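Input: a single structure, listed below in structure tokens.
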Amino acid sequence: MEEWNQTTSGFFLLGLFPPTRARLFLFLLVFLIFLIAFLGNSIMILLISVDRHLHTPMYFLLSHLSLMDLMYICSTVPKMTMNFLSGDNSISFVGCGFQSVCFLLTGGVEALLLVGMAYDRYVAICRPLHYPILMSKRMCLFMIAGSWVFSSINAISHTVYAFHIPYCKSRVINHFFCDIPAMLPLACIDTQTYEYTVFFSTNIFLLVPFIGIMTSYGRVLFAIYHMRSSQGKKKAFTTCSTHLTVVTFYYAPFTYTYLQPPAFRYPEEDKNLAVFYTILTPMLNPIIYSLRNKEVLGALRRVFGKALPKKEELGL
């Protein structure tokens with residue numbers, strides 16, 4: 001089969017919604033989740049930026065986590081919504097490349113940010129006297145910058161290489177966004193070597209951070225167990241359990257999907273699991289961090305309480 005012109009053509013995304021009666025319901029559900037995620041993460045960023053009580057290293061990292069979640073869900077759901085409403089599942093070559101870069105970039109930054117947040121909790125609980133030095137503003141900026149640099153190199157490298165591969169088979173990608181492993185079966189050439197390169201780089205961005213997170217929280221839980229104050233134990237455990245919940249929601253489906261050898265992966269299974277880390281996790285993160293966090297709830301009352309008119313102003 002002849003190659004098709006990559007520069008003028010595009011792809012067709014098979015999408016997430018099956019051609020059944022439940023199609024419209026699933027679309028509305030995903031769109032509702034998108035709205036909740038967009039609003040929740042936007043509020044978290046706003047609260048952390050304007051409330052001085054949240055100007056701490058932990059919340060500084062959390063604000064960037066919310067930014068990554070916004071980028072995550074905005075790079076996939078709006079295009080999926082447009083395709084559903086228009087009935088046109090096509091995506092341009094440039095648009096596909098943009099989705100790929102955004103997905104790899106945000107995924108890498110988020111994985112590294114979760115390591116930074118785990119390290120922050122380790123220092124706060126296990127080495128509290130050294131916290132101002134080990135988690136200084138300079139250190140936080142270094143963590144953020146390092147996450148962006150390493151993730152950008154990874155995202156751009158993979159996207160540039162993948163989009164220089166000649167594609168000559170069906171242009172239909174069995175996914176709801178341009179995920180590189182879902183595109184490789186459409187290539188004209190043997191991509192087995194590159195698939196294992198993707199597998200290797202994914203191990204670096206998933207397995208290594210995961211080991212770092214588990215090591216940090218292992219030492220934290222050990223320290224909590226030896227605390228004398230029951231109140232201190234409860235507060236420390238609540239904070240760490242919140243972080244571990246976020247880590248579980250993010251890493252479990254991601255690890256199951258991408259840490260399997262290419263021969264054992266199935267497109268439909270990968271697509272369904274992608275819903276967790278691209279759509280559900282961005283919605284759940286701000287909910288988990290706000291509903292179980294007194295400081296965030298307090299900031300919510302302070303910031304939005306000021307925006308609401310007082311009884312005197314209403315003439316009550």
Side-chain angles (χ1 to χ4, degrees), residues 6 8-46 64-110 155 158-159 162-163 167 170-183 185-186 246 249-250 253-254 257-258 266-288 290:
Q6 300 184 84
T8 58
S9 302
F11 296 94
F12 292 92
L13 297 170
L14 200 57
L16 180 63
F17 313 112
T20 62
R21 292 182 178 180
R23 180 181 174 88
L24 179 59
F25 170 76
L26 291 175
F27 165 74
L28 293 174
L29 180 61
V30 169
F31 189 70
L32 177 62
I33 291 173
F34 169 76
L35 293 178
I36 295 172
F38 187 87
L39 184 63
N41 286 291
S42 298
I43 290 174
M44 286 294 293
I45 295 171
L46 175 65
H64 282 78
L65 184 71
S66 294
L67 177 61
M68 291 303 102
D69 284 336
L70 271 178
M71 291 177 62
Y72 234 146
I73 201 163
C74 287
S75 66
T76 56
V77 174
K79 178 59 180 173
M80 185 167 56
T81 300
M82 290 173 59
N83 287 356
F84 179 86
L85 295 176
S86 65
D88 180 9
N89 290 335
S90 64
I91 183 170
S92 67
F93 187 78
V94 174
C96 199
F98 177 76
Q99 274 198 338
S100 176
V101 168
C102 284
F103 171 72
L104 292 172
L105 174 63
T106 53
V109 173
E110 185 153 341
H158 279 294
T159 302
F163 281 78
Y167 294 95
S170 168
R171 290 184 290 163
V172 178
I173 301 174
N174 189 8
H175 218 299
F176 58 90
F177 68 94
C178 290
D179 188 23
I180 289 177
M183 295 169 58
L186 311 180
V246 172
F249 273 113
Y250 182 76
F254 228 138
T257 300
Y258 287 93
Y266 300 95
E268 285 297 328
E269 189 176 68
D270 290 353
K271 182 169 63 174
N272 293 331
L273 285 172
V275 174
F276 283 90
Y277 50 81
T278 59
I279 299 176
L280 291 179
T281 299
M283 178 196 70
L284 292 173
N285 282 356
I287 295 175
I288 292 171
S290 61

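This structure is a prediction, so every number in the text was calculated from the model and none was measured. In what follows, every heavy atom counts, from backbone to side chain, and hydrogens, waters and symmetry copies are set aside.
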Notebook entry, point to check: How are the rings of Tyr167 and Phe11 set relative to one another: parallel (under 30°), tilted (30 to 60°) or perpendicular (over 60°)?
Noted result: perpendicular
Margin query: To the closest 0.5 Å, what do you measure between CG (Leu65) and CG (Asn41)?
Written below: 8.0 Å
Check: Can you tell me how far CE of Met183 sits from OG of Ser100, rounded to the nearest 0.5 angstrom?
Finding: 6.5 Å
Item checked: Check: Phe176 and Lys271 side chains under 4.5 Å, non-hydrogen atoms -> yes
Notebook entry, point to check: Could you state the interatomic distance from CD1 (Ile36) to CD1 (Ile279), rounded to the nearest 0.5 Å?
Noted result: 12.5 Å
Item checked: Asn285 and Ser66, any side-chain heavy atoms less than 4.5 Å apart -> no
Check: How long is the span from the CG atom in Leu39 to the CE atom in Met283, to the nearest 0.5 Å?
Finding: 12.5 Å
Next item on the list: Look up atom CZ in Arg171 and atom CD1 in Ile91, then write down how far apart they are to the nearest 0.5 Å.
Entry: 13.0 Å
Margin query: For Phe98, is the CZ atom crowded, meaning more than 12 foreign heavy atoms sit under 6.0 Å from it?
Written below: no
Checklist line | Phe84/Phe31 aromatic ring centres below 6.0 Å | finding: no
Margin query: Are more than 12 heavy atoms, taken from residues, nucleotides or ligands other than Tyr277, located less than 6.0 Å from that residue's OH atom?
Written below: yes
Notebook entry, point to check: Can you find a pair of side-chain heavy atoms, one from Leu28 and one from Leu32, that are under 4.5 Å apart?
Noted result: no
Next item on the list: Please say whether more than 12 non-hydrogen atoms of neighbouring residues, nucleotides or ligands are located less than 6.0 Å from CZ in Phe17.
Entry: yes
Item checked: Lys79 side, atom NZ; Asn89 side, atom CG - distance, nearest 0.5 Å -> 8.5 Å
Check: Would Asp179 and Asp270 satisfy side chain to side chain contact (heavy atoms under 4.5 Å, CB included), going step by step from the backbone distance to the final call?
Finding: CA-CA 10 Å; Asp179 188 23; Asp270 290 353; 5.8 Å; no
